[in-house]
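Everything on this sheet refers to the single structure shown next.
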Amino acid sequence: MAEVSVKNVTKKFGNFTALDDVSMEFPDGGFFALLGPSGSGKSTLLRTIAGFLFADSGSIHIGNKSVDLIPVEKREIGMMFQNYALFPNMTIADNVGFGLRVRKVSSDEERRRIGEALELVQLSTLGDRKPHQLSGGQRQRVALARAIVTNPRVLLLDEPLSALDKSLRVDMQVELKRIQHEIGITTIFVTHDQEEALTLSDKIGILREGRMIQSGPPRSVYNNPVDRFTAEFLGDANIVAENDGNGRLNVSGNPSIKIPEGAETASALAVRPESLSISATEPEQEGLSKVHGRLVQRMFAGAMSTCIVQCGSHTYKMVARDQDVPNLSEGENIWLSWKSAQTIVIP
Amino acid sequence: MSMTLANQQRIKIFSLLSPAYLWLTVAIFLPLSAMFYFSFLSDVPFGQKEWFYSTENYQAFFQTTTYAKLLWKSINLGLMVTGCAVLVGFPCAYVLAKSIQGRSREALFLLVILPFWSNSLVRIFSWAIVLRGNGVLEIALNTILPFEVDVNLMFSTPAIVIGLVHSYLPYVILTSYLALQAIDDNLIDAARSMGANKLTILWRIILPLSLPGLLAGAVLIFVPVVGSFMEPRILGGRVGTYFGTVIEDQFVAVFNWPLGAALSFILLAVVLIILAVASPILRRAQT
């Protein structure tokens, strides 16, 4: 186990800058997510930490030692791939034992450690099978067992759950978190699924066009995005006011949107869909920001309902428990309101 | 309704398959059957001489050790040529499949299949020009090297092997290339992340996974090389007597078709036995 630190890493492919002066700290034993749209450089960063790629400038430390000159084979990492990359010609036990055999571990110890790793992922009975005889979720577990059996210093996961269907993915998230907690290994995973990043990680790094836009604990990044991109990428955000270009916030002539103190010169104000309340009449309570609009669409999705509301030129999205949405029909005039404290100021 | 659909499907399948199978029947099965029939005759049935049914052509193979020795020599040649082609072709296929991309790959591929574009006789005779004493190879070496060398490979086993490897190399490159390209690059990355060096990756992952393609290529080379006669004759001269050349002699020189036919079928049987014996071993190697 070890902490990882990425310092000012830049990586170019020809004219394309895949990573632009990226820095992030990954303290020992934590669970970290690298999140970004495709082409943001998140996979490049992971592969640079792994040692498949070498940074053009900057440096990467694992456990306080620079690994800039150490190739992937010697970095003592465990890696799990998006398509699992199990060796189809080997049994599950041989797949898991591959890294041990490379390290010339005695056959007794090899067998014991394969057994332990398979037990950890709850697949003890399937050691003799071939990968093609396993389901997607089982292959996933084998890939995880194989990545951790050598006691690597860091566990790197490249879009680990994206090939699974939704219900299995949630199960695996719980499982992944449990196993990571059990062995306490520093884990970095790449994902484009923001919910997954929020659910699993202690710290999120958000990348865009090769740059680290923001990093921090999920809740703080979600509640205090540093820019509009982060606000809209991590969860949904309704932009309620934008800077008019003269350094003043323009609330679209809607004085019932309260501008928080000191936010007059911010670039935008936003509000999360789940912070909104909907009502047929104008709410009278103090301390509310509110807008008047027309209910365009109401979508029932089991636990939650989503409403799309048109307010002038703005389209708002609201999410609430279905029972909290009054009996309104599409096309009706309604009010959206939120506590002013829940207004997100985008600096 | 479903019956007629199923029937239509059947007609479609039949009409797509039948040209190929008709062709195979007419072009291969019938002549081969005729040859099989000839191999049990005492003489060709369309000459003036009397003929009768006999197995003496097959007995001839066992009466002297000459034929068996020549067959053994041919099998050895087949193994040698196949081995060389694999050693030369597999690394080439690996680089084409895994390291080179885009335009340059197309150009290199063109070079690989170039032997297929030229007439085989022209190919063999150009090798003769290269390999003979005072030939292209010797002149070239003497221009580069500071000391004189004598290179006369003509009429030797190496000359035959060189010629045959050149002719059949594309097979092993193409089949290996297809198998290697199907290997997911992530498997190699995964092995590296677990600490495996290049040799381990080659031995435990790349080779086992590309073995089906490699073997297909090897079989495609081995079978025709064992029966080859043109390269041994032209490039081998006096040392170029092989089972294939003996069969050819029966047809074009001695005009003993029944013996030639019988020897051909013995060759076919031996090759099939070799493949049958080898296949379970090879299948085990794959897993």
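Residue numbering restarts at 1 for every chain, and letters A, B, ... go by the order of the sequence lines. Hydrogens, waters and symmetry mates play no part in the numbers below; they use all other heavy atoms, side chains included.
For a residue to count as touching a neighbouring chain, one of its non-hydrogen atoms must lie under 4.5 Å from one of that chain's; by this rule Leu86(A) touches chain B with the backbone only. Contacts of Phe81(A) with chain B are made by side-chain atoms alone, with heavy-atom separations under 4.5 Å and no backbone atom involved. The part of Asp184(B) that comes within reach of chain A is its side chain, from C-beta onward, which places non-hydrogen atoms under 4.5 angstrom from that chain. Using a 4.5 Å cut-off between heavy atoms, Met90(A) contacts chain B through its side chain alone, with no backbone atom that close. Only the side chain of Arg101(A) comes within contact range of chain B, with at least one heavy atom under 4.5 Å from a heavy atom of that chain.
How far CG of Leu187(B) is from OH of Tyr84(A): 14.0 Å, rounded to the nearest 0.5 Å. The CE atom of Met80(A) sits 12.0 Å away from atom CG of Asn186(B), with the distance rounded to the nearest 0.5 Å. Rounded to the nearest 0.5 angstrom, Asp189(B) CG and Arg47(A) CZ are separated by 4.5 Å. With rounding to the nearest 0.5 Å, the separation of CD in Glu73(A) from CD1 in Ile201(B) is 6.5 Å.
Partners of Glu182(A) according to the side-chain hydrogen bond (donor to acceptor under 3.5 Å, both in side chains) rule, which considers only residues two or more places apart in sequence or in another chain, are Arg178(A).
Sequence neighbours left out, the pairs with a member in residues 85-98 of chain B that pass side-chain hydrogen bond (donor to acceptor under 3.5 Å, both in side chains) are Lys98(B)-Asp185(B).
Contact check for Arg204(B) versus Phe98(A): side-chain heavy atoms found under the 4.5 Å cut-off.
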Would you give me the side-chain donor-acceptor pairs under 3.5 Å for residues 74-89 of chain B, sequence neighbours excluded?
{"unit_1": "Ser74(B)", "atom_1": "OG", "unit_2": "Leu70(B)", "atom_2": "O", "d": "3.4"}
{"unit_1": "Ser74(B)", "atom_1": "OG", "unit_2": "Phe243(B)", "atom_2": "N", "d": "2.9"}
{"unit_1": "Thr82(B)", "atom_1": "OG1", "unit_2": "Gly78(B)", "atom_2": "O", "d": "2.5"}

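Heavy-atom proximity under 4.5 angstrom to chain B picks out Val102(A), Arg103(A) from residues 102-111 of chain A.
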